[in-house]
2 protein chains.
Amino acid sequence: MSRLAIDGGMRAVDQAKANGFDLNGCVLHLLHRAQQAADEAFAAAFSDTGLTPRQLAVLVIVGEREGTNQVGLVEATGIDRSTTADLVRRLMRKGLLARRRARHDARSNVLRLTDEGRVLLESFRSRAAEVDRMLLEALPEGGRAGFVEALGRIATMAPLTGGAVADRSLLAAE
Amino acid sequence: MSRLAIDGGMRAVDQAKANGFDLNGCVLHLLHRAQQAADEAFAAAFSDTGLTPRQLAVLVIVGEREGTNQVGLVEATGIDRSTTADLVRRLMRKGLLARRRARHDARSNVLRLTDEGRVLLESFRSRAAEVDRMLLEALPEGGRAGFVEALGRIATMAPLTGGAVADRSLLAAE
DNA sequence: TATTGTTATACTCTATAACTATA
DNA sequence: TATAGTTATAGAGTATAACAATA
């Protein structure tokens, strides 16, 4: 009955304010919305390539550490093994990536850019930098570096090990 | 040949720095990584519910504007019509959401929380607020409000109309 | 035994198109 | 004609589990 009294006497939006939760002030939700905006900008800039942001990340990483294997990609992108296998397959199908078995470890795939991939990556990098600049133009000039740094801090707060979740007793602490 | 010279004489990571593009300073990539961290924290906090961040967003919005239809959800969440239909169906299956045809417009579904949904939403809101607090703890205290505001700015820079992409001549402008 | 990679499976989200029924 | 919603289809990304080959 007390619940009914609360529901009846207080609009949900006011309840939201009362307990300090508002969707449009919620990091979780804003992060998603911001990524929607970023992905939309990316899609517009890369529409002729059929490339996704994740596929570009893989190309960039292989470009930076040519000869890495798929585990290297997992570590660098946060994408898991099976998704990585798919991504690599899609990029090979596009002719941008190639792989061969490592000489020193027959389990391991050595990844490298194809000649075409190496050429295209240069223009992809420029485009991605432009998308980034465009996104940052939504922010006041003085706040851009701080925003990128803050994103980096949140991005790196969760190691892939999964142990991080268990460590965060903050959730239960209140 | 000049390309080969560049590739041979300069490591890719240095090229990245030269043209101002670095994956770990890239908004596009950091936004994704940050969301991975946020989703992981969310999943840990909501593991007993089977709820996804998007499903929670729908519940919150219906809670704030009970009686909205699915178009209202599309506008509030940025999720498209067909995804929204799926989301609503999943939430109905969980017994959290109910809908009926609108009296004034027989095409329109009026959405409302079930009694169970209304009760659970209160605890969901608290949990989401805790996840948010935890994420923000990765940032220096003085930068939190600014970060949330910056996220909001990027989130709202792309209207759903799609016209926004065409408007952004910045991409070609350089 | 542990690691690398693959495959199978499943689910969420996204997106488009075609469709029904209403307006 | 336009709108609200559904359905079908497709693809991307994520996740788990099981597996083969290798270390």
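So that the names make sense, note that chain A is the first sequence line, chain B the second, and so on, each numbered from 1. Worth knowing before you read on, the calculation uses all heavy atoms, side chains too, and leaves out hydrogens, waters and symmetry mates.
- Counting only heavy atoms from C-beta outward, the side chains of A:Val131 and A:Leu135 approach each other to under 4.5 Å.
- Taking 3.5 Å as the limit, the base of D:dG13 and the side chain of A:Arg54 contain no donor-acceptor pair of atoms between them.
- With C:dG5, D:dG5, D:dG13 as the choices, the nucleotide that has an atom nearest any side-chain atom of B:Gln70 turns out to be D:dG5.
- Checking D:dT14, C:dT4, C:dA18 against the side-chain heavy atoms of B:Arg81 singles out C:dA18 as nearest.
- Where A:Pro53 and A:Arg103 each meet DNA chain D at their nearest nucleotide, the meeting point lying more 5' is that of A:Pro53.
- Not counting sequence neighbours, A:Arg112 has no partner by the salt bridge (Lys or Arg N to Asp or Glu O under 4.0 Å) test.
- With a 4.5 Å cut-off on side-chain heavy atoms, B:Val74 and B:Thr83 do not count as touching.
- With A:Leu59 as reference, A:Leu51 is the one residue of A:Leu120, A:Leu51, A:Leu87 to meet the side-chain contact (heavy atoms from CB on, under 4.5 Å) rule.
- Residue contacts shown for A:Asn69 are limited to sugar-phosphate atoms, with no base heavy atom under 4.0 Å away.
- Going from atom CG of A:Leu91 over to atom P of D:dG11 covers 16 Å, rounded to whole Å.
- The side chain of B:His32 contributes no N or O atom lying less than 4.0 Å from OP1 or OP2 of D:dA12.
- Distances shown here put a side-chain N or O of A:Gln36 below 4.0 Å from the OP1 or OP2 atom of C:dT14.
- Looking at A:Leu151 and A:Leu31, their side chains come closer than 4.5 Å, going by heavy atoms from C-beta outward.
- As a whole-Å value, the separation of A:Asp80 CG from C:dT3 P is 16 Å.
- Counting only heavy atoms from C-beta outward, the side chains of B:Arg118 and B:Leu121 never approach each other to under 4.5 Å.
- Rounded to an integer number of Å, the gap from CG of B:Leu73 to P of D:dT6 is 11 Å.
- Counting only heavy atoms from C-beta outward, the side chains of A:Phe147 and A:Leu136 approach each other to under 4.5 Å.
- Under the side chain to side chain contact (heavy atoms under 4.5 Å, CB included) criterion, A:Val88 pairs with A:Gln70, A:Leu73, A:Thr84, A:Met92, A:Leu97, A:Arg99, A:Leu111, sequence neighbours left out.
- Atom-to-atom, CD of A:Gln35 to P of D:dA12 comes out at 16 Å; the value is rounded to the nearest Å.
- As a whole-Å value, the separation of A:Ile79 CD1 from C:dG5 P is 14 Å.
- Applying the ring-ring contact (aromatic ring centres under 6.0 Å, His included) definition to pairs two or more places apart or across chains, none involves residues 47-83 of chain B.
- Residues from residues 104-114 of chain A lying near DNA chain C, meaning a heavy-atom separation below 4.0 Å, are A:Arg107, A:Ser108, A:Asn109 in numerical order.
- Spacing between atom CZ of B:Arg33 and atom P of D:dG13 amounts to 14 Å, rounded to whole angstrom units.
- Taking atom CG on B:Asp39 and atom C1' on C:dT12, their separation rounds to 11 Å, with Å as the unit.
- Residues meeting the ring-ring contact (aromatic ring centres under 6.0 Å, His included) test with B:Phe42, sequence neighbours left out: B:Phe46.
- The side chain of A:Arg99 has C:dT6 as its nearest neighbour among C:dT6, D:dT6, D:dA15.
- Within residues 82-90 of chain A, the residues approached by DNA chain D to less than 4.0 Å at the level of any non-hydrogen atom are A:Ser82, A:Thr83, A:Leu87, A:Arg90, in residue-number order.
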